[in-house]
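Numbers for residues simply follow the sequence, beginning at 1. Excluded from the calculations below are hydrogen atoms, water molecules and symmetry mates; all remaining heavy atoms, backbone and side chain alike, are included.
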Amino acid sequence: MGKVQVSDKEEFSQMENNDFSDSQLVHHFRGVLVAVTTGDRENYDELVGYLHPKKHLNPDEVAILVTTLKALSGAVSYIDSVHHESLLFAVSRMSLWNCGIDIMDALLELIISLAVSNGKYIDWCLEMLVKNFVPPFYLLDSLRQENGIDRKNKVLSRVHAALKEIADLVPLAPLRLSPIVIQKMPSVFSKETEIVMYVENMLRLESGALGETVGSTMLPALVDRLLELDVEIGWDGILQEDAKGIFEMELEDVTEFTDEDENCDSMLSSELLNRKNLQGNLVVEKLDSLMVLAFLHLESCQNSGRLAERTVLNAYKSKFTQFVMFYACALDPEGCGVKFAMVLADMFGGDANPPITRMSAVAYLASYLTRAKFLSAALVTSIIQSLVDWCYAYCKFRDFDMNPRAHQVFYSGCQAIMYIMCFRMRSLMDVPRLKLQLLNMPMEAILKHKLSPLKVCLPTVVVEFLRQAKAAQLFMASESFVFDDMLESDLSKAFGGMDRLDMFFPFDPCLLKRSESYIRPHFVRWSKIRTTYDDDDDNDEVSDSGSELSDDDFIDRNAKDMIDDDMMVSVEGADFNPDLNKMSITPRKSFKHGFETPLNQCTRMPARIRPSTSPESL
């Protein structure tokens, strides 16, 4: 190209007067870029000056900037990251959100051309586009206005189109895009508007043309961020266990209560108080908004037949995040819903798994089976059968006396059986075939064994279970059991361990207001459960447990065969991560004072054991 002569400086003024053709401008810019390598920077510095962003451009300045960007697009092969660092820096400072349509399109043309011209600029170009997932900080609030929404649509549609074009021209680009998107994701301390908009773009990538390549990383990254937000919510914002014990009545819909409802029955107000304690917490609001985005995305996946491919089972040590999995199961009961239960049951039965993993798994399983309205009675009965069989086999080979710490897994399995039965006994006993199956289970032998699970498991669960078992005549020799109220001893705390897994019920009612509205239609509340001791005349409504349905009305008619097949789990096409050490576990601090519950408060069976919470990471 040769050295650019001093007279070339006049060519910039000619450019301003539109005296150059497009090809002449490209040739001229190539010469300017080459001249820098020989030490001639005069024209180059003037060129860079055109690229520095200005707040307000008149029409002539807009035309010059558009022309400059287009000419640079034709000269990208001459751009060198060492000699033209200031030019690249000036371009990187430009934001699509501050540009008119003409400048926006010209800038995107330059970015695409640069990405295609040289592989070493791929990351730089992708970062430029990802950076425009959200506007500059000072423009965030303007997005709520009508023109802000229009601007958002114009910018983001072009950003995603540019990403698609680069991916088509550079096949390896999508592989580089995923880590960039995850790395640039706003932190938990960012503004709600910023992180929500960024996640919207992540999920747009996952469901778009690039989803085949980047999709496997977007949803897990979102779940990771949900967890980070989750653990930022301190236990101070959630009521600790109170003197009423863990079993207390739930409010059917706490959103019906307002600040004036201070006189509502204290027995019914715990969930309301917990939610009020979370109001105004910015982290809670961010988490709630992101979970709603996750729910909507799962709905989209289900509608397009991609839910099984995209589901992520990474149930973490969290207070709320596990409901993402719950909602995925609700959208696909026969697929994800059954597979989730099967995976948990298999993890509990796996002797190779650590005790804490097995105890957490069966706690998740029990809470899931009791709260998931969409699961069939046949599936629930089959899993109860598998738990009973395991516990019975455990008893047969262990002629030991009660020892909570030595037999933690056994006691967790026994408590899971009783807890599930508290919610499901009436509905299962109303189906003749399932009633016969329950009556044939060796529950009585397990409960009367020397290991004494009735003395070790959580007394409030035991009391409610025995009360319903007596009414249902579940046992032939019911007089051998004590059906009266029990006070909690230290035995339950001993088997639960320092993490209090004896009181771990991860799918208790969700306290996030917006998220709970999505969960509610699929969720079983204790206030709607018909127990075996309820008077039918006092229960005109259909219960959540499905007790007025016939066996043929349930969703998964083949579930029993799937579970009974030696509990073998094959989760094809789903990204299930069987790592229960990442699952929610009960907080140590919340229960450090133990459970000093009065006798007359120990008998209320509930469906809110406590808000859907679990401990922070250990």
Inset, instruction - Classify the side-chain pair H449/Y392 by whether it contains a donor and acceptor separated by less than 3.5 Å. - result: no
Legend entry - Donor-acceptor contact below 3.5 Å, side chain Q408 vs main chain M359: no
Legend entry - Between Y327 and Q322: side-chain donor-acceptor atoms closer than 3.5 Å: no
Inset, instruction - Answer yes or no: is there a side-chain heavy-atom contact under 4.5 Å between L474 and M421? - result: yes
Inset, instruction - Taking S376 for its side chain and L379 for its backbone only, find out whether a donor-acceptor pair lies under 3.5 Å. - result: yes
Legend entry - Spacing of CE belonging to M218 relative to OG belonging to S178, to within rounding of 0.5 Å: 4.5 Å
Inset, instruction - Verify, without hydrogens or angle tests, whether N303 (side chain) and E299 (backbone) share a donor-acceptor contact under 3.5 angstrom. - result: yes
Inset, instruction - May I ask you to decide if H407's main-chain N or O and Y394's side chain share a donor-acceptor pair within less than 3.5 Å? - result: no
Inset, instruction - Evaluate the side-chain proximity of P442 to V388: yes if any heavy-atom separation is below 4.5 Å, no if none is. - result: yes
Inset, instruction - Heavy atoms only: give me the nearest R514-D288 pair and the separation to one decimal. - result: N-OD2, 3.0 Å
Legend entry - L331 side chain reached by C336 side chain, heavy atoms, under 4.5 Å: no
Inset, instruction - Answer yes if the side chains of D430 and S427 hold a donor-acceptor pair under 3.5 Å, and no otherwise. - result: no
Inset, instruction - Verify the distance criterion only: is there a donor paired with an acceptor across the side chains of Q385 and D389 at less than 3.5 Å? - result: yes
Legend entry - Polar side-chain atom of E516 near backbone of C510 as donor-acceptor pair, under 3.5 Å: no
Inset, instruction - Mind telling me whether F340 and Y368 have parallel, tilted or perpendicular rings, with 30° and 60° as the class edges? - result: perpendicular
Inset, instruction - Find out whether L454 and K448 are in side-chain contact, i.e. whether some heavy atom of one side chain is under 4.5 Å from a heavy atom of the other. - result: no
Legend entry - ring-ring contact (aromatic ring centres under 6.0 Å, His included) partner of F326, the single match among Y364, F374, F320, Y518: F374
Inset, instruction - Please answer whether the main-chain N or O of L436 pairs with a side-chain N or O of N440 as donor and acceptor at a distance below 3.5 Å. - result: yes
Inset, instruction - Starting at CG of L222, measure out to CE of M202 and round the result to the nearest 0.5 Å. - result: 6.0 Å
Inset, instruction - Identify which one of V343, T357, L387, I383 satisfies the side-chain contact (heavy atoms from CB on, under 4.5 Å) criterion when paired with F348. - result: L387
Legend entry - Side-chain touch I519/L512, heavy atoms, less than 4.5 angstrom: no
Legend entry - Backbone of L203 reached by a side-chain donor or acceptor of S207 within 3.5 Å: yes
Inset, instruction - Please answer whether the main-chain N or O of R358 pairs with a side-chain N or O of N353 as donor and acceptor at a distance below 3.5 Å. - result: no
Legend entry - Any donor-acceptor N or O pair under 3.5 Å, side chains T370, R424: no
Legend entry - Student check: side-chain heavy atoms of V362 and L344 closer than 4.5 Å: no
Legend entry - Exam field: side chain Q415 to backbone L458, donor-acceptor pair closer than 3.5 Å: yes
Legend entry - Backbone of G211 reached by a side-chain donor or acceptor of E206 within 3.5 Å: no
Inset, instruction - Measure the shortest side-chain to side-chain distance between Y533 and E464 over non-hydrogen atoms and say whether it is less than 4.5 angstrom. - result: yes
Inset, instruction - On the 0 to 90° scale, with breaks at 30° and 60°, tag the Y419-F505 ring pair as parallel, tilted or perpendicular. - result: tilted
Legend entry - Side chain to side chain, I417 and C391, heavy atoms closer than 4.5 Å: yes
